[in-house]
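To start, the structure under review is shown below, and the notes come after it.
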Amino acid sequence: LLGGFGCGALASVLAYFLFPHVRTRVNVWLDPWSDIENSGYQIAQSLFAVGSYGLFGSGFTRGYADYIPVVERDFIFSAVCEEFGVLFGIGVILVFVMIFLEGVRAALYSRSRYLTLLSAGLTALLTFQTFLIIGGDIKFVPLTGVTLPFVSYGGTSITMSFVIIAIIQWVYMRNDMYKPVSYTHLTLP
């Protein structure tokens, strides 16, 4: 596990020095205000959208989300917070937390190692994708350009998010998780 994290850190440093667009994204993440007219415009507008209308937002279709380039894919969470408020944004985050907890529960109570790994992997995929896009919108992590599951524009993203949830639900049904697990059939050596 530590080796995997180490290789990932090394790959990140190499990508920073090899690819100019990665360097631009990291620099904008560190200080979007230094070039607010050009490279920092997107994240600055995103931060303005999240923080401008307080807890309850401006109202449906009353925000200025069009000022954020690619709002329907990369910055949909900012538009949600602008029009529906920060409380609604927190509610969206809590829905994803609940999806994470149910996916973990499916993985933990699975009777098959394969189904445990399948459910844990798909849950991690959705959770990491959610973390990347919401974290990028609020300047917690550098922007990546992934979509917010179930919310962002894009048919393939929405379809695959539903497929992932369907597979996790199948793990529930396959393992008959609604009945208590009995360990009386196990014998110790």
Side-chain angles (χ1 to χ4, degrees), residues 1-47 49-50 68-81 89 92-108 110 112-168 171:
L1 185 64
L2 292 176
F5 281 126
C7 289
L10 180 65
S12 299
V13 171
L14 286 175
Y16 178 81
F17 288 110
L18 291 177
F19 303 111
H21 70 279
V22 173
R23 194 171 23 256
T24 300
R25 286 184 183 216
V26 170
N27 291 337
V28 166
W29 171 60
L30 293 173
D31 186 18
W33 312 112
S34 65
D35 191 16
I36 197 169
E37 295 294 325
N38 294 317
S39 61
Y41 182 76
Q42 245 183 339
I43 190 67
Q45 290 300 320
S46 172
L47 293 172
V50 170
I68 307 170
V70 200
V71 69
E72 65 276 352
R73 291 188 189 102
D74 292 348
F75 290 96
I76 194 70
F77 184 74
S78 301
V80 166
C81 287
V92 170
I93 292 171
L94 290 176
V95 167
F96 284 111
V97 168
M98 288 173 27
I99 290 172
F100 167 74
L101 292 175
E102 287 300 312
V104 168
R105 189 173 132 209
L108 288 176
S110 179
S112 162
R113 177 165 288 184
Y114 172 74
L115 295 178
T116 297
L117 293 174
L118 178 68
S119 181
L122 292 176
T123 301
L125 176 82
L126 274 180
T127 303
F128 191 64
Q129 185 175 350
T130 302
F131 170 75
L132 283 179
I133 192 63
I134 292 176
D137 285 2
I138 62 172
K139 201 181 149 323
F140 187 69
V141 295
L143 292 172
T144 58
V146 298
T147 59
L148 184 61
F150 305 110
V151 181
S152 292
Y153 175 78
T156 305
S157 172
I158 292 173
T159 302
M160 291 313 299
S161 297
F162 277 116
V163 167
I164 288 171
I165 292 297
I167 292 171
I168 293 172
V171 171

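Predicted model only: the values in this text are computed from it and were never measured.
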Please evaluate residues V141 and F131 with respect to the criterion side chain to side chain contact (heavy atoms under 4.5 Å, CB included), reporting the C-alpha separation (whole Å), side-chain torsions for both, the decisive distance (0.1 Å), and the verdict.
CA-CA 9 Å; V141 295; F131 170 75; 3.8 Å; yes

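Looking only at distances, a side-chain donor or acceptor of T130 sits under 3.5 Å from a matching main-chain atom of L126. Under a 3.5 Å cut-off, the side chain of Q129 and the backbone N or O of P149 do not form any donor-acceptor pair. Put simply, the side chain of T147 never gets that close to the backbone of S157: no donor and acceptor are under 3.5 Å apart. Not one N or O on the side chain of R25 forms a donor-acceptor pair closer than 3.5 Å with the backbone of P142. With hydrogens and angles ignored, the 3.5 Å screen pairs a side-chain donor or acceptor of S34 with a backbone N or O of D31. With S12 contributing its side chain and G8 its backbone, the two residues share a donor-acceptor pair below 3.5 Å.
Atom OG of S46 and atom CD1 of I76 lie 11.0 Å apart (nearest 0.5 Å). Distance check: R105 CZ to I168 CD1 gives 12.5 Å after rounding to the nearest 0.5 Å. We find the CG-OG distance between L148 and S78 to be 10.5 Å, quoted to the nearest 0.5 Å. Between the CD1 atom of I138 and the CG atom of L47 there is a distance of 8.5 Å, given to the nearest 0.5 Å. The CD1 atom of I164 sits 10.0 Å away from atom CG of L118, with the distance rounded to the nearest 0.5 Å. Of the inter-residue distances, the one linking F75 atom CZ with I43 atom CD1 reads 5.0 Å to the nearest 0.5 angstrom.
Side-chain contact check for V50 versus D137: every heavy-atom pair is 4.5 Å or farther apart. Contact check for V26 versus Y16: side-chain heavy atoms found under the 4.5 Å cut-off. Proximity of V146 to F128: side-chain heavy atoms (C-beta onward) are nowhere separated by under 4.5 Å.
Of all non-hydrogen atoms in T127 and T123, the two that sit nearest each other are OG1-O, 2.8 Å. Minimum heavy-atom separation, S110 to L115: OG-CB, 3.2 Å. Residues A107 and S119 approach most closely at N-OG, 3.5 Å, considering heavy atoms.
Between F150 and F162, the gap from one ring centroid to the other is short of 6.0 Å.
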